[in-house]
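In listed order, ligands and their atoms are each counted from 1.
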Amino acid sequence: MNQFYSKHSNSLNGVVEVPGDKSISQRILILGSLAIGTTKIKGISYSEDANNLIKNLKLLGVKIIKQKTSAIVRGVGIGGLSPTTKKLYMGNSGTATRLMLGALCNQNFEVKFVGNKSLSNRNMYELIKPLRQMGVKINCKNNKLPITIKGFNETIPIIYDQKIPSAQIKSAILIASLNSPGLTTIIENTPTRNHTEILLRKIGAKIQIKKFKKKIIIKITGQKELKAKNISIAGDPSAASIIGSAALITPESEIKIMKVNINKTRTTFFNILKKMNAKIKIFNKKEISNEQVADITFKSSNLKGVHLGKKTVANMIDEIPIFSILATFAEGNSSFIGGNELKNKESNRIKSLYEGLTACKIKVKKKMDGLQITGNGKDNIFVNAKIKTYYDHRIAMAFLVMGLASKKKIIVDNINCIKTSFPNFLTLMKDIGANFSKKN
Ligand code: S3P
């Protein structure tokens, strides 16, 4: 095991950039592969998840050239992937798995998806159901990986009324519909991140998006050729949330993060930080490749507790681990509820957080698909605590950040998972002053 610990740190300071957004990186790799022409991707995330996806797309006949922080993808067109492999190893990535299941619906051959232990535990039922409705043959046990899929050239257009919010499932259906002869409709009852829609529109898909009361109605007509376009990807707001939060709880700290994606579907956490009294400033806003981008500063703050409802939780699903850590340093109680989807992430995040916070002797109570956390203010964590991460990168990073403002050490059991999303996390944190060490 690769154990690591973090300890009280004096102050964190610096101007940094975080890796390119992982969601956009994975989407453009797939969409670029299905487009006609060459896509140059600037600022791509070379996380382990993206690297595995690149390997898989290459196995399916796509030419991809990796450069330092960019990539070149030579698209093969919708329906143009080739069956040069019978098996795809998806590592830890739920996003790549779901999106590639969507992409392989368009291809008239059979492929088996396999993954690591954490991914093989994740339930894929909510995606398998609509894909079967589209006519795709899917074989698996208990709706989990390994999954064998046999696509065909023309998926059946469907109307999909999404009850459980998920950007991955919405995106998989959108990608599957690209070779459907007609109109596919997706009704999003709770809006989720919309990067797939933005990219599809940019590369010429026939897609229409309308608001109807609180719902979003997406209509896409298949069998329209996609035209490759160059894309620049800004920093991942979920990665920025972790680094920024470290500055909020560490005394005398100020960190500026340059060029962060601030798409409205990704900034709920930043809005919640303002409610928690956090000193956060978002400025220098501009648009890059149809996405909103800005620089953000985070300064040490006296946080106060807040309560999050179901819709808020759905929109900061990746930030709930770091939110829970901030809650322990806030004055008063905080809570989140209605996060059923949190149970089907890289780990069951409600369980991982409950166990981790309990190990730190934080007062924490289980609530309807959520937790109530009693804040201790700035004085915190008087015991050395060992955290089980269950191979969940966000749990590992959140608890390492907690150690920076704790009186005692926080040890995480395995840091290998961090490279699935943020390979330079440890070096970046050490560079700005974090007291992190390998445990011998
Ligand atoms: C992602 C969507 C989110 C998020 C995940 C990445 C994506 O999951 O948790 O880390 O790239 O579409 P949902 O599918 O639950 O929205």
A.B. asks: According to the interplanar angle, ranging from 0 to 90°, do the rings of F4 and F436 count as parallel (below 30°), tilted (30 to 60°) or perpendicular (above 60°)?
C.D. replies: perpendicular
A.B. asks: Please check if the side chain of S289 supplies one atom and the backbone of S232 the other of a donor-acceptor pair under 3.5 Å.
C.D. replies: yes
A.B. asks: Mark up the atoms of ligand 1 that fall under 4.0 Å of a heavy atom belonging to D318, in ascending order.
C.D. replies: 4 (C), 5 (C), 9 (O), 10 (O)
A.B. asks: Can you confirm, on distance only, whether ligand 1 has an N/O atom lying under 3.5 Å from any N/O atom belonging to I317?
C.D. replies: no
A.B. asks: So for E341, does at least one of its heavy atoms come nearer than 4.0 angstrom to any atom of ligand 1?
C.D. replies: no
A.B. asks: What atoms of ligand 1 come within less than 4.0 Å of a heavy atom belonging to K345?
C.D. replies: 3 (C), 4 (C), 8 (O), 9 (O), 13 (P), 15 (O)
A.B. asks: Which residue holds the protein heavy atom closest to atom 6 (C) of ligand 1, what is that atom called, and what is the gap in Å?
C.D. replies: T95 OG1, 3.4 Å
A.B. asks: Could you tell me the residue and atom name of the protein heavy atom closest to atom 16 (O) of ligand 1, and the distance to it rounded to 0.1 Å?
C.D. replies: A167 N, 2.8 Å
A.B. asks: Return yes or no for this condition: an N or O of R394 is under 3.5 Å from an N or O of ligand 1.
C.D. replies: no
A.B. asks: Determine whether the side chains of N153 and N106 contain a donor N or O and an acceptor N or O closer than 3.5 Å.
C.D. replies: no
A.B. asks: Could an N or O of ligand 1 be found under 3.5 Å from any N or O of S166, whether backbone or side chain?
C.D. replies: yes
A.B. asks: Among all protein non-hydrogen atoms, which one is nearest to atom 12 (O) of ligand 1, and what is the separation to 0.1 Å?
C.D. replies: R27 NH2, 2.6 Å
